[in-house]
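Throughout, a chain's letter reflects where its sequence line sits, starting with A, and its residues are numbered from 1.
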2 protein chains.
Amino acid sequence: MNLDPFFKSKRIAIIGASRENGKIGNVILRQLLGKNFTLFAVNPSADEILGIKSYPSVLDVPGTIELAVIATPAQTVPAILDQLGKKKVHHAVIITAGFKETGNTKLERDLQDKLKSHKILAIGPNCLGVLDCHTGLDTLFLPSDRLKRPKPGHISFVSQSGATGSAILDLLAGEDFGFAKFISYGNAANVSESDLISYLDKDPYTKVIAIYLEGAQNGRAFLDASRTCKKPIVLIKGGTTSFGSSAAKSHTGSLAGSADVYLGAFKQAGIIYTQTTQELFDTIKIFDKLHVGCAGNRVQIITNGGGYGILAADAVFRAGLTLAPAGAALKSLKKHMPTAILSNPLDLLGDADDERYCLALDAAISDPNSDAIVCIALPQTPRLDQNLIKIIAAAYQKSSKPFVLVTTGSTAAKHFKTRAEAAGIPCYDYPENAVDALKRYIEFCRKH
Amino acid sequence: MNLDPFFKSKRIAIIGASRENGKIGNVILRQLLGKNFTLFAVNPSADEILGIKSYPSVLDVPGTIELAVIATPAQTVPAILDQLGKKKVHHAVIITAGFKETGNTKLERDLQDKLKSHKILAIGPNCLGVLDCHTGLDTLFLPSDRLKRPKPGHISFVSQSGATGSAILDLLAGEDFGFAKFISYGNAANVSESDLISYLDKDPYTKVIAIYLEGAQNGRAFLDASRTCKKPIVLIKGGTTSFGSSAAKSHTGSLAGSADVYLGAFKQAGIIYTQTTQELFDTIKIFDKLHVGCAGNRVQIITNGGGYGILAADAVFRAGLTLAPAGAALKSLKKHMPTAILSNPLDLLGDADDERYCLALDAAISDPNSDAIVCIALPQTPRLDQNLIKIIAAAYQKSSKPFVLVTTGSTAAKHFKTRAEAAGIPCYDYPENAVDALKRYIEFCRKH
C-alpha cells in the first residue's frame with residue numbers, strides 16, 4: 001500500500017475550494033499556498049480562488065493530479081470519486097463528514113465501492129486529513145491561529161478523533177515539540193491505523209508514533225502492525241471503561257471489548273499504553289528527546305531539594321524501578337562537598353551551585369552502579385542561575401544513560417525548561433511524571 | 001497557642017540583618033521594607049542597613065518587639081534566645097540551619113530548653129519561615145525574582161521541606177493562584193504542623209490547607225488536628241515507600257511507618273491524600289476555586305470533542321463517580337441542535353458555537369439528574385472564540401453544582417484558561433485531571 005502521495009504529492013487538487021473566508025475549502029487552500037505545490041482549485045462556480053485557477057471538475061485540470069483533497073457535501077463524493085477514477089487519481093483525502101458516523105451507512109458503502117472499483121486509497125472520510133511538517137502538505141481545515149502547526153521534528157501522531165487529535169497537536173506545537181506527520185483518519189474507509197503504523201515504521205522522519213484510538217478497524221491487523229513496528233508506539237484509548245465505551249459507540253461506532261483483554265493484547269504487541277492524556281504527553285516527550293539505550297533499571301537521583309528527591313525516590317519505587325546503590329563514584333564527591341548527602345537521592349542541598357551539579361553529574365554519568373539519571377534542579381535556591389542549564393546540557397550530551405530533568409516554578413523554572421528542552425533534554429514539572437516517563441522508556445529499551 | 005504574631009506583627013526585629021546583597025539577613029529585611037512594618041535591624045557591626053537603624057542586640061531596641069526573625073549562625077542562637085527572653089519577645093522565626101538536621105542534636109536540645117524557659121514560640125529552625133500574603137509579613141530569604149510571591153488569596157501551604165515548599169509556591173504564584181499563608185516550619189522546635197493546622201482552621205483567609213509532610217512531629221496530634229479541622233486538608237507525603245522513607249530519614253529525620261497504616265489513618269482523619277505533585281496541584285485548585293456544595297456523584301460531561309468526552313467518561317468510571325442519566329433537560333435540546341449527541345457525554349460536535357454551549361450549560365445546571373458538570377471546550381474548532389468564556393463564566397456563576405472546565409492547546413486555549421480562572425472557574429488541561437480533582441471535591445462535600 002503506497003501512502004507516499006498523502007505526504008509527498010506536489011500536484012494537488014482541492015475539490016470544494018472556496019472563496020469564502022473560514023470555509024473548509026478556503027482554509028485548506030490557504031494552508032497550501034506559498035509552499036512548493038502545484039495547486040488546482042476545483043469549484044464549478046469560480047474561475048479563480050485566492051489567486052489559483054479554478055476548474056469546473058478534476059477532469060478539466062490539465063496534466064496529472066497526485067492527490068485530491070475533497071471538501072464537498074457528502075452526497076457529491078461518490079460522483080467525484082468517479083471523476084477521480086477517470087482522471088487516474090489514486091489518492092484522496094476525504095475531509096467531508098456525513099457518512100456512517102451520522103448513520104449514513106449506505107453512503108459509506110457507496111463510497112467504499114467507488115474507492116475499490118477506481119483503486120483509490122483514501123484517508124477519511126470525516127477527518128482533518130494530514131499534516132506533514134517536513135513537506136508542508138497540510139489538509140487540516142483549522143487555520144493556524146486556532147491550531148498551531150508544529151515545527152518539523154520526529155513525532156508522528158495518528159488520531160481517530162479529529163478534535164482530540166487537533167487539541168493535542170496544538171498543545172504540543174505550543175510546547176515546541178517537533179512533528180513528522182499528523183494524521184486524522186476519521187472513518188478509515190480504506191486506510192486504517194494499521195496501514196499508517198506500518199507506513200510510519202518505515203518513515204525516516206518518524207521516531208515515535210502516538211495514537212489516539214477508540215476502536216481499531218481490524219483488531220488483529222492493528223496488533224500485528226504494532227508488533228512488527230520497531231519504533232515506540234504510545235497509545236491512548238478512549239473507551240477502556242464501560243462509561244467510555246458506550247460513548248465511543250456513538251462517536252466512532254467503535255465496539256467495546258473487555259479492558260483487560262485490550263490491555264493484555266497491547267502489552268503483547270509491545271504497545272506503550274498510557275491511561276491519561278498527561279501520561280501520553282509525558283511519554284511522547286521522552287521518546288522524542290532521548291537517543292540512548294538503557295542497560296537496566298537502576299536510577300540515580302540528583303537533587304538540590306531534599307523533599308523533591310524523596311518524592312522522586314517514592315516514584316521510582318512505585319514504577320518498579322530501583323535506586324542505584326551509592327558506590328565509589330558518589331563517595332568520591334565527599335572532598336568537594338562535605339555537607340552533601342552522598343546517597344541516593346544525592347542531595348546537593350539548598351546551597352548547591354554549578355560546581356556541585358557539574359561534579360555530581362559527572363560522577364553519575366560514569367558510575368557503573370546506575371543506568372539512568374533523574375536530575376532535579378529547583379531554581380529558587382540562591383546559588384543557581386541560568387548558567388546551570390549549560391552545565392546540565394553538557395552532561396546530557398556526554399551521558400550514554402537516559403537522563404531527565406525536573407524543575408518546578410515560575411519565571412526561572414520556565415527558562416530552565418525552555419533552554420533544557422532546546423538542548424534536547426526531556427524536562428518535567430514534577431518528579432513523579434519524570435520517573436513515570438523514564439519507566440516506560442526503560443521498559444521499551446529492555447525489549448528492543 | 002497564640003500564633004497570630006507570626007503573621008500579624010507590626011514591630012519586627014531582624015536579627016542578623018545584613019548589608020551584603022543576597023545574604024539571608026539582607027533579603028529578609030528587603031522583603032519587609034516599604035510595607036506597613038516598624039523594623040529593627042540587629043547587627044553589632046552596623047549602624048544602619050538599607051535605611052533601617054541597626055542595634056547591637058535586641059536589648060538595645062527601643063519599645064516592644066512582637067516578632068524576632070533570626071538569621072545568625074547556629075551557635076549564636078541560644079544566647080539570642082536569652083536576650084529575647086529578657087526583652088519579653090515571645091515569638092521567633094528561626095531561619096538558621098545547623099541543628100538536628102545536620103546531626104547537631106545537642107544544639108537542638110539547647111534551643112528547645114531556651115524556648116521553653118523563656119516561653120518563646122518558634123517557627124523553625126532550619127526553615128524559610130512565613131509569608132502572609134494579606135499582611136505582607138515575609139521572612140522567606142529567597143528574593144522575589146527567584147521565588148515569586150503569590151497574590152493575596154485563600155490557599156495556605158504548610159511545608160516541612162523548604163525547597164519543595166518554595167518550588168510549589170513559586171509555581172502556583174506563576175499560575176496566578178492566591179495565597180493566605182505559606183509556612184516552612186523546618187525542624188518544628190515547638191510549633192508543629194498540628195499547631196499550624198489548628199491555627200489555619202480558624203484563619204478567616206484560609207479556605208484550603210495544603211501540606212508537604214515527611215513525618216509528623218507527633219502522629220496522634222497531627223491526626224487529631226486534621227480530624228477536627230473543618231477545612232479541606234490536601235496532603236502530599238514524602239517517604240510513603242521504602243525508597244522514599246529511607247531518604248526522608250536523612251532529610252528531616254522522619255521515621256517511616258507502613259504506607260498502608262498512614263493512608264488508612266489519613267483517610268480516617270478526613271485528610272485528602274494526593275500521591276503525586278500534579279494531583280496536589282490539581283486538588284488545591286478545585287478547593288480554592290469552588291464555593292458550592294455537592295449533593296451526589298452524578299457527573300454531566302459537555303464537550304465539543306467526542307474523543308475528549310470519552311476520555312472524561314473513562315475517567316469518571318475510574319474515579320468511582322457515575323455519569324448522570326440523560327433526562328428531559330438534555331432531550332429538550334433536540335430542537336435547537338438536532339445533530340448533537342444528547343447523551344452523556346453531551347457532544348455538541350465540532351461545529352458547536354456559543355449558543356449551543358449556552359443552551360447545554362443551562363440545561364445541565366437545571367437538570368435534576370446531575371450533581372456536577374465537566375465542561376470541555378476545545379478552542380481549535382471553527383466556531384468558538386474567546387467570547388465563549390463569557391458564556392461559560394455566566395453559567396458558572398449561576399451553577400449551584402461543582403463545575404470544572406477542560407481546555408487543551410496553545411494560544412487560544414491558554415487565553416481560555418487564563419480568563420476562565422480569573423472568573424473563578426477551575427480549569428484543567430486534560431479531562432482525567434479535571435475528573436480526579438472533582439472526585440476529591442465530591443468526596444469532601446459528602447463528608448462535610
Side-chain angles (χ1 to χ4, degrees), chain A residues 22 102 142 146-148 160-164 166-168 170-171 173-174 212 214 238-244 247-248 250-252 276-278 304-311 313-314 316-318 323 341 343 345 347 350 378-382 408-413 429-433, chain B residues 22 142 146-148 160-164 166-168 170-171 173-174 212 214 238-244 247-248 250-252 276-278 304-311 313-314 316-318 323 339 341 343 345 347 350 378-382 408-413 429-433:
Chain A
T102 54
L142 306 171
R146 291 186 169 275
L147 175 61
K148 189 174 174 176
Q160 192 169 9
S161 159
T164 301
S166 57
I168 294 175
D170 184 27
L171 176 78
Y212 172 81
E214 286 169 19
T240 42
T241 70
S242 59
F243 292 175
S250 353
H251 185 226
T252 52
T276 69
T277 320
Q278 176 78 54
N304 65 334
Y308 252 44
I310 293 165
L311 293 173
D314 282 329
V316 164
F317 182 90
R318 289 199 190 98
L323 290 179
I341 301 171
S343 176
D347 188 352
L378 299 176
Q380 292 80 26
T381 57
T408 300
S410 63
T411 318
D429 286 339
Y430 302 119
E432 301 90 352
N433 301 53
Chain B
L142 306 171
R146 292 187 168 274
L147 175 61
K148 189 173 174 177
Q160 191 168 12
S161 159
T164 300
S166 57
I168 294 175
D170 184 26
L171 176 77
Y212 172 81
E214 286 169 19
T240 42
T241 70
S242 59
F243 292 174
S250 348
H251 185 225
T252 53
T276 69
T277 320
Q278 176 78 53
N304 65 334
Y308 253 45
I310 294 165
L311 293 174
D314 282 330
V316 164
F317 182 90
R318 289 199 191 98
L323 290 180
T339 55
I341 301 170
S343 176
D347 187 352
L378 300 176
Q380 292 79 25
T381 58
T408 300
S410 63
T411 317
D429 286 339
Y430 302 118
E432 301 89 352
N433 300 54

*Would you confirm whether A:Arg146, through its side chain, and B:Pro382, through its main-chain N or O, come within 3.5 Å as a donor-acceptor pair?*
yes
*Please look at A:Ile341 and chain B and tell me whether the side chain, the backbone, both or neither of the residue comes under 4.5 angstrom of a heavy atom of that chain.*
side chain
*Looking at B:Leu311 and A:Thr277, what are the two nearest heavy atoms and their distance?*
CD1-OG1, 3.9 Å
*B:Ser343, part contacting chain A, at a heavy-atom distance under 4.5 Å*: neither
*Given a strict heavy-atom distance threshold of 4.5 Å, which part of A:Ser161 is in contact with chain B: side chain, backbone, both, or neither?*
side chain
*asked:* With a 4.5 angstrom heavy-atom cut-off, is it the side chain or the backbone of B:Ala248 that approaches chain A, or both, or neither?
replied: both
*Closest contact, heavy atoms only, B:Ser410 versus A:Gly174*: CB-CA, 3.6 Å
*Would you mind telling me which of B:Gly306, B:Ser242, B:Ala412, B:Gly305 has the largest number of heavy-atom pairs within less than 4.5 Å of chain A?*
B:Gly306
*Residue selection (most heavy-atom pairs with chain B, distance under 4.5 Å) from A:Thr381, A:Thr411, A:Asn433, A:Asn304*: A:Thr381
_Contacting region of B:Leu378 [heavy-atom separation from chain A under 4.5 Å]_ = side chain
*Look at the side chain of A:Gln380 and the backbone N and O of B:Ala163, then say whether any donor-acceptor pair between them is shorter than 3.5 Å.*
no
*What closest approach, in Å, do A:Tyr308 and B:Thr164 show between heavy atoms, and which atom pair accounts for it?*
N-OG1, 3.2 Å
*asked:* Using side-chain heavy atoms (C-beta onward) and a distance below 4.5 Å, is A:Tyr430 in contact with B:Ile168?
replied: no
_Are B:Gln278 and A:Asp429 packed together at the side-chain level, in the sense that at least one heavy-atom pair is separated by less than 4.5 angstrom?_
no
_Residue part contacting chain A, namely of B:Phe317, when any heavy atom lies under 4.5 Å_ = both
*Looking only at atom types and distance, does a side-chain atom of A:Asp314 sit under 3.5 Å from a main-chain N or O of B:Gly238, one as donor and one as acceptor?*
no
*Between B:Pro379, B:Gly350, B:Gly22, which has the largest tally of heavy atom pairs under 4.5 Å with chain A?*
B:Pro379
_Among B:Ala413, B:Ala173, B:Gly162, B:Gly307, residue most engaged with chain A (heavy-atom pairs, under 4.5 Å)_ = B:Gly307
*asked:* Going by side chain to side chain contact (heavy atoms under 4.5 Å, CB included), name the residues that satisfy it together with B:Ala247, two or more places apart in sequence or in a different chain.
replied: A:Ile310, A:Pro345
